[in-house]
Amino acid sequence: ADAAAAELTRRIRGRVHSDTSVALANHALLLTLAGKDLSGAEAALREAIGIERALFPDGSPALGTRLCNLADLLLRQRRSDEALVVAREALAVTERFSGGVNPDVAIAAMTIARALEALGHADGVLALHRRALEVNRATLGPLHRNTILQLAYVARAERRAGALDAAIAS
């Protein structure tokens, strides 16, 4: 039904319309969460990204979200090199439209850190997780689920970096 909704939106609104981008992104998210047809999810996300680029040549908040979702999907497919490039673009776009203090900035920073970890690159991982933690604290508060999860990621990164005292204090 979700694929049909995306196709119907495309026919009614047109190929290059924000509603079409949303419908495609939603379809991709459902496929990704179900762990089914990841290549179909990727195709839908790439089409949604193309729509956002056509509608908003200078970028948009939705473009940052779509890019971050694509990076996450690529990580699930163990395509970490590609995910890193896409996640870096997602962060740049998201920062440009949010002023740098937005939960989406934290998500993009964490996605870059995950890609670096998957590639075996430790440099920068801890700083990215710390940045995501600070953004989450500032925007969501210290007791929000995402802030608490990010704190655990910081502690893990500190432990991996050999900063055991800092990890214990986290």
Side-chain angles (χ1 to χ4, degrees), residues 2 21-22 24-42 44-46 48-49 52 59-170:
D2 192 59
S21 174
V22 170
L24 288 165
N26 288 343
H27 178 60
L29 182 60
L30 286 175
L31 289 175
T32 301
L33 292 174
K36 297 180 178 179
D37 191 16
L38 296 183
S39 63
E42 181 180 346
L45 272 174
R46 289 189 185 277
I49 289 166
E52 292 297 325
S60 69
L63 176 61
T65 300
R66 310 273 186 274
L67 288 165
C68 205
N69 289 344
L70 178 59
D72 180 67
L73 176 62
L74 294 168
L75 282 170
R76 289 173 187 255
Q77 296 174 315
R78 303 198 190 297
R79 294 163 56 192
S80 304
D81 286 326
E82 292 174 76
L84 181 58
V85 171
V86 173
R88 284 182 170 151
E89 183 182 0
L91 180 60
V93 169
T94 303
E95 286 177 326
R96 187 168 53 240
F97 288 94
S98 71
V101 182
N102 181 296
D104 290 339
V105 169
I107 292 168
M110 187 175 71
T111 304
I112 294 170
R114 288 175 45 223
L116 289 170
E117 289 171 329
L119 292 167
H121 302 302
D123 293 345
V125 170
L126 180 55
L128 286 161
H129 281 304
R130 284 182 175 156
R131 177 168 183 213
L133 176 62
E134 291 311 311
V135 169
N136 280 339
R137 280 183 175 151
T139 58
L140 303 173
L143 300 179
H144 190 278
R145 176 183 182 272
N146 290 2
T147 304
I148 294 167
L149 286 172
Q150 192 60 50
L151 183 59
Y153 289 128
V154 167
R156 184 184 71 191
E158 287 170 338
R159 188 177 65 247
R160 287 182 176 169
L164 296 179
D165 290 338
I168 291 167
S170 292

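Atom set for the values below is all heavy atoms of this structure, side chains included, hydrogens, waters and symmetry mates excluded. For this chain, numbers begin at 1 and follow the sequence in order.
- Of all non-hydrogen atoms in C68 and A90, the two that sit nearest each other are N-CB, 3.6 Å.
- Side-chain contact check for I112 versus L116: some heavy-atom pair is nearer than 4.5 Å.
- Between the CG atom in L133 and the CD1 atom in I148 there is a gap of 10.5 Å [rounded to 0.5 Å].
- Residues I49 and L63 are in side-chain contact: their nearest non-hydrogen atoms beyond the backbone lie under 4.5 Å apart.
- Taking each heavy atom of A41 and L31 in turn, the nearest pair found is N-CD1, 3.6 Å.
- Within the structure, ring-ring contact (aromatic ring centres under 6.0 Å, His included) pairs that include any residue of residues 85-107 do not occur (at least two apart or interchain).
- In summary, of the residues considered (I107, T111, V105), a side chain to side chain contact (heavy atoms under 4.5 Å, CB included) with L91 occurs for V105 alone.
- Note that CG of N26 is 9.5 Å distant from CG of N69, once rounded to the nearest 0.5 Å.
- In this structure, OG1 on T65 lies 12.5 Å from CG on L70, to the nearest 0.5 angstrom.
- The NE2 atom of H129 sits 9.0 Å away from atom CZ of R114, with the distance rounded to the nearest 0.5 Å.
- Separating the CG atom in D72 from the CE atom in M110 is a distance of 8.5 Å, to the nearest 0.5 Å.
- Under the side-chain hydrogen bond (donor to acceptor under 3.5 Å, both in side chains) criterion, the residue pairs touching residues 135-147 are E134-R137, with sequence neighbours excluded.
- Contact between G59 and R96 at its shortest, heavy atoms only, is CA-NH2, 4.3 Å.
- The CG atom of L24 sits 8.5 Å away from the CG atom of L45 when rounded to the nearest 0.5 Å.
- Heavy atoms only, all atoms of each residue included: V93 and S60 are closest at CG1-O, 3.4 Å.
- Contact annotation: the side chain of L38 never approaches that of E42 to less than 4.5 Å [non-hydrogen atoms, C-beta and beyond].
- Smallest separation of non-hydrogen atoms from V125 and A157: CG1-CB, 4.3 Å.
- Taking all atoms of both residues into account, the shortest heavy-atom contact from Q150 to A132 is CD-CB, 3.5 Å.
- Looking at heavy atoms from C-beta onward, S80 lies in side-chain contact with L75 at the 4.5 angstrom threshold.
- Between V22 and R66 there is a side-chain heavy-atom pair separated by less than 4.5 Å.
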